[in-house]
Asks: 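Below you'll find the structure I mean.
Reminder, nothing fancy here: chain letters follow the sequence lines and each chain counts from 1.
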Amino acid sequence: MIDLKFLQNNFDLVSQKLQKKGVDSAVIERLGEEFASLKAINAKLEAAQADQNQMSKLFGQYKKEGKDVAELKSKVDANKELIAGYQEESRSAEDALYTIALSIPNLPDDDVPHGEDEHDNIELRRVLEPRRFDFIPKEHWELAEMNGWIDFERGVKLAKSRFSVLKGQAARLERALINFFLDQNAKRGFEELCVPFINNEAMLQGTGQLPKFGDDLFKIEDENLYLIPTAEVPLTNLYHDEILSESDLPVLMTGYTPCFRKEAGSAGRDTRGMIRQHQFDKVEMVAIAHPDKSDEVFDMMVENASDILTALGLPHRVVRLCDGDLGFSAATTIDLEVWLPGQNQYREISSISNTRDFQARRAKIRFKEDKKNRLVHTLNGSALAVGRTLIAIMENYQNVDGIIEIPEVLKPYMR
RNA sequence: CGGGAGAUGGUAGAGCGGUUGAAUACACCGGUCUUGAAAACCGGCGAAGGUAACACUUCCGGGGGUUCGAAUCCCCCUCUCCCGGCCA
């Protein structure tokens with residue numbers, strides 16, 4: 001959630017920044033008004049409550065002294081009705097405010113480049129030269145079929161479209177990658193966690209998936225629970241509504257989880273192969289950082305993910321997202337895109353974001369700084385998307401017969 | 001899923017319906033003492049909103065009710081613990 005006090009004092013700035021994220025300035029104006037009217041009604045309510053408390057104390061005193069309370073009681077009764085009315089007003093003002101506030105995306109950082117969509121993203125650098133093939137490299141689904149690695153049809157039979165089954169060496173490679181990623185993250189100081197794959201509504205609101213993006217989530221029937229779309233949800237919310245001590249920061253966490261996404265609105269995109277599935281494996285990094293030091297942590301996370309790709313010998317590029325392409329919660333994002341020779345293009349394999357205090361405000365994650373509580377910064381990034389790494393290995397390590405070599409660093413993990 | 005018990009500040013643990021936002025102990029922080037530490041003694045010590053700072057408001061698992069007044073009484077929900085069933 002954005003800082004409403006900041007909004008009050010910097011309307012033009014906020015409004016202009018959110019324009020890029022597709023928010024109409026009229027909505028921002030509404031938001032400011034709702035905030036102001038909530039504060040106004042709460043002031044009235046609190047004054048009336050103060051009166052009530054005073055009179056109740058008097059009441060007790062009168063009783064003790066044997067005085068007549070009839071007049072006082074009628075005053076108290078009248079005030080009570082006043083309070084009930086204010087309470088109702090306050091409640092509806094609050095509803096109105098949060099209905100809007102929770103659906104407003106984060107403000108982009110000042111140094112985020114301007115742009116409409118992914119075409120305006122800025123390539124920062126390329127790492128590793130793509131290999132030159134003396135034959136036409138195949139796409140991963142073709143390789144999968146030749147090697148008997150992926151059973152798309154039976155995945156569909158078991159669940160529905162966009163589900164698949166990994167077999168034999170591919171299943172083993174998937175597991176090897178998970179272990180490799182977790183080990184690499186541990187070397188950077190990320191503590192490994194194994195968390196619930198189902199989270200409740202409050203957690204999904206904390207990280208920003210709800211209330212706005214419920215259509216992308218698998219909900220458990222008759223329960224207030226959802227399959228997680230990313231480990232960012234449980235890892236970040238581990239400290240939901242908690243106050244950390246300054247010395248705890250930064251908290252660096254990593255975890256493997258499957259991720260479940262409905263992919264609503266992705267009809268027809270990447271329907272072939274394993275690029276876009278309803279269920280996929282991912283190893284995630286999450287950091288809870290001191291607000292003055294989150295930039296350092298962010299750089300480290302980007303470096304870590306890039307280094308893992310390099311260790312696997314996978315060519316990739318580092319891309320800075322423009323404001324038009326930023327996700328809902330992100331203030332700044334860097335994507336890593338891996339080279340897929342079969343597709344002859346770079347495809348996203350990791351996305352690393354600093355949400356600043358946006359998620360922290362929603363999830364109430366704070367730390368003590370000189371007796372005062374201050375919101376932390378939360379960061380998240382993939383290191384890495386496992387299925388897409390598997391695809392990248394298949395396409396980059398194929399030979400002319402369709403045989404796929406195992407990257408050197410993974411061999412110990414395949415034994 | 002069935003039977004019983006419970007939910008209070010970082011932890012432990014009190015709390016007749018009326019200066020109880022909450023005794024007490026431990027932990028923690030500051031100070032005195034000490035070469036330093038420990039001990040002892042003194043002081044401080046929950047959160048949110050609000051304020052320049054006060055004031056003030058709210059919070060004793062969550063929600064609702066009774067009352068002038070609820071941590072204390074009533075109802076619902078959630079969670080935890082113990083016993084049984086099922087089970088990796």
Side-chain angles (χ1 to χ4, degrees), chain A residues 1-9 31-32 34-98 101-102 194-206 210 219-226 234 237-249 251 256-258 288 291 357-376:
Chain A
M1 204 166 75
I2 63 168
D3 185 344
L4 295 174
K5 277 189 215 165
F6 182 80
L7 167 66
Q8 283 199 315
N9 302 321
L31 183 62
E34 297 288 3
F35 183 53
S37 69
L38 175 65
K39 279 181 41 169
I41 184 63
N42 278 346
K44 283 202 261 183
L45 171 64
E46 282 170 24
Q49 282 172 326
D51 290 345
Q52 191 78 353
N53 290 340
Q54 284 293 328
M55 289 191 278
S56 282
K57 269 186 193 168
L58 258 186
F59 199 100
Q61 220 172 336
Y62 279 22
K63 277 269 186 191
K64 209 181 280 177
E65 294 166 4
K67 287 192 188 167
D68 179 36
V69 293
E71 192 190 342
L72 184 58
K73 178 156 164 50
S74 70
K75 273 166 84 176
V76 167
D77 284 343
N79 194 54
K80 212 172 151 186
E81 267 181 60
L82 199 63
I83 288 176
Y86 287 152
Q87 240 153 7
E88 185 120 344
E89 277 186 65
S90 168
R91 204 171 171 148
S92 65
E94 203 169 297
D95 281 354
L97 175 66
Y98 284 107
L102 289 173
C194 196
V195 291
F197 303 158
I198 294 175
N199 281 193
N200 62 42
E201 186 180 11
M203 302 305 120
L204 284 135
Q205 184 172 302
L210 288 177
K219 188 172 196 294
I220 309 290
E221 194 177 9
D222 297 331
E223 303 266 5
N224 199 20
L225 297 168
Y226 300 79
N237 282 294
L238 200 71
Y239 295 103
H240 189 104
D241 201 11
E242 291 195 26
I243 298 163
L244 299 159
S245 69
E246 192 166 357
S247 60
D248 292 334
L249 304 178
V251 180
Y256 151 73
T257 71
I288 298 193
D357 61 12
F358 184 82
Q359 290 179 328
R361 187 172 291 105
R362 288 174 160 249
K364 302 192 188 77
I365 307 172
R366 297 144 293 172
F367 73 101
K368 273 260 187 268
E369 187 181 58
D370 315 319
K371 306 277 179 191
K372 290 284 238 178
N373 294 327
R374 191 173 165 194
L375 293 168
V376 298

Asks: Return the nearest nucleotide to the side chain of A:N373; candidates are B:U58, B:C68, B:A47.
Replies: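 So the side chain of A:N373 is nearest to B:A47.
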Asks: Taking only N and O in the side chain of A:R91, is any of them less than 4.0 Å away from OP1 or OP2 of B:G64?
Replies: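 Indeed, a polar side-chain atom of A:R91 lies that close.
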Asks: For the C1' atoms, the ones on B:A53 and on B:G62, what distance do you get once it is rounded to whole angstrom?
Replies: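 After rounding to an integer number of Å, I get 35 Å for this pair.
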Asks: Which nucleotide, B:U57, B:G18, B:A47, lies nearest any side-chain atom of A:E46?
Replies: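 Nucleotide nearest to A:E46's side chain: B:U57.
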Asks: At under 4.0 Å between heavy atoms, what does A:D77 touch on the DNA or RNA strands: base, sugar-phosphate, or nothing?
Replies: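 The answer is sugar-phosphate, as A:D77 gets under 4.0 Å only of primed atoms, P, OP1 or OP2.
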Asks: Using atom C1' in both nucleotides, what's the gap between B:G15 and B:C73 to the nearest angstrom?
Replies: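 Between the two C1' atoms, the distance is 15 Å.
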Asks: Say you pick atom C1' in B:U80 and the same atom in B:G61; how far apart are they, in whole Å?
Replies: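 Pairwise C1' distance, B:U80 against B:G61, rounds to 10 Å.
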Asks: Strictly by Watson-Crick or wobble contacts shorter than 3.5 Å, is anything paired with B:C81, and which nucleotide is it?
Replies: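 Answer to the pairing question: B:G4, which forms a Watson-Crick or G-U pair with B:C81.
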Asks: Using atom P in both nucleotides, what's the gap between B:C16 and B:A71 to the nearest angstrom?
Replies: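 Result for the P pair: 13 Å, nearest Å.
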Asks: Given B:A47, is OP1 or OP2 found less than 4.0 Å from the side-chain N or O atoms of A:K364?
Replies: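 No, because none of the side-chain N or O atoms of A:K364 sits under 4.0 Å from OP1 or OP2 of B:A47.
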Asks: Using a cut-off of strictly less than 4.0 Å, decide whether A:R366 has a side-chain nitrogen or oxygen near OP1 or OP2 of B:A47.
Replies: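 Checking B:A47 against A:R366, no side-chain N or O comes under 4.0 Å of OP1 or OP2.
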Asks: Measuring only the C1' atom in each nucleotide, how far is B:C54 from B:G49? A whole number of Å is fine.
Replies: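 Their C1' atoms lie roughly 15 Å apart.
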Asks: In plain terms, say whether A:D77 and A:K73 are close enough for a salt bridge, that is, a side-chain N and a carboxylate O under 4.0 Å apart.
Replies: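 The answer is yes: the pair qualifies as a salt bridge.
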Asks: Any side-chain donor-acceptor pair under 3.5 Å between A:D248 and A:S245?
Replies: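 Present: a donor and an acceptor within the cut-off.
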Asks: Partner of B:A23 by Watson-Crick or G-U wobble geometry, both contacts under 3.5 Å, or none?
Replies: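 Partner of B:A23: none.
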Asks: Using a 6.0 Å cut-off, check whether atom NZ of A:K75 has over 12 heavy atoms from anything other than its own residue.
Replies: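 No, because the 6.0 Å sphere around NZ of A:K75 holds 12 heavy atoms or fewer from other groups.
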Asks: What interatomic distance, in whole Å, is found between P of B:A12 and the corresponding atom of B:A7?
Replies: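 Roughly 12 Å separates the two P atoms.
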Asks: Go through B:U67, B:U57, B:G50 for me and flag the one nearest to the A:K5 side chain.
Replies: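 Of B:U67, B:U57, B:G50, B:G50 is nearest to the side chain of A:K5.
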Asks: Does a nitrogen or oxygen in the side chain of A:N53 sit under 4.0 Å from OP1 or OP2 of B:U57?
Replies: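 A:N53 to B:U57 OP1/OP2: side-chain N or O found under 4.0 Å.
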Asks: Return no unless some side-chain N or O of A:K57 is found under 4.0 Å from OP1 or OP2 of B:U19.
Replies: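 Negative; the distance criterion is not met.
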Asks: Distance check, P atoms only: B:C74 and B:U67, in whole angstrom units.
Replies: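 Nearest-Å result for B:C74 against B:U67 at atom P: 16 Å.
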Asks: Return the nucleotide paired to B:C33: Watson-Crick means purine N1 to pyrimidine N3 with N6-O4 or O6-N4, wobble means G-U with N1-O2 and O6-N3, both under 3.5 Å.
Replies: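 The base-pairing partner of B:C33, which may sit in any strand shown, does not exist here.
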Asks: Considering only NZ, NE, NH1 and NH2 on the basic side and carboxylate oxygens on the acidic side, decide whether A:D357 and A:R362 come within less than 4.0 Å.
Replies: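 The answer is no: the pair does not qualify as a salt bridge.
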Asks: Applying the Watson-Crick and G-U wobble criteria at under 3.5 Å, what pairs with B:C16? Answer none if nothing qualifies.
Replies: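 Its partner is none (no Watson-Crick or G-U wobble pair with both distances under 3.5 Å).
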Asks: Using the P atom in both, what is the distance from B:C33 to B:A23, to the nearest Å?
Replies: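 Roughly 31 Å separates the two P atoms.
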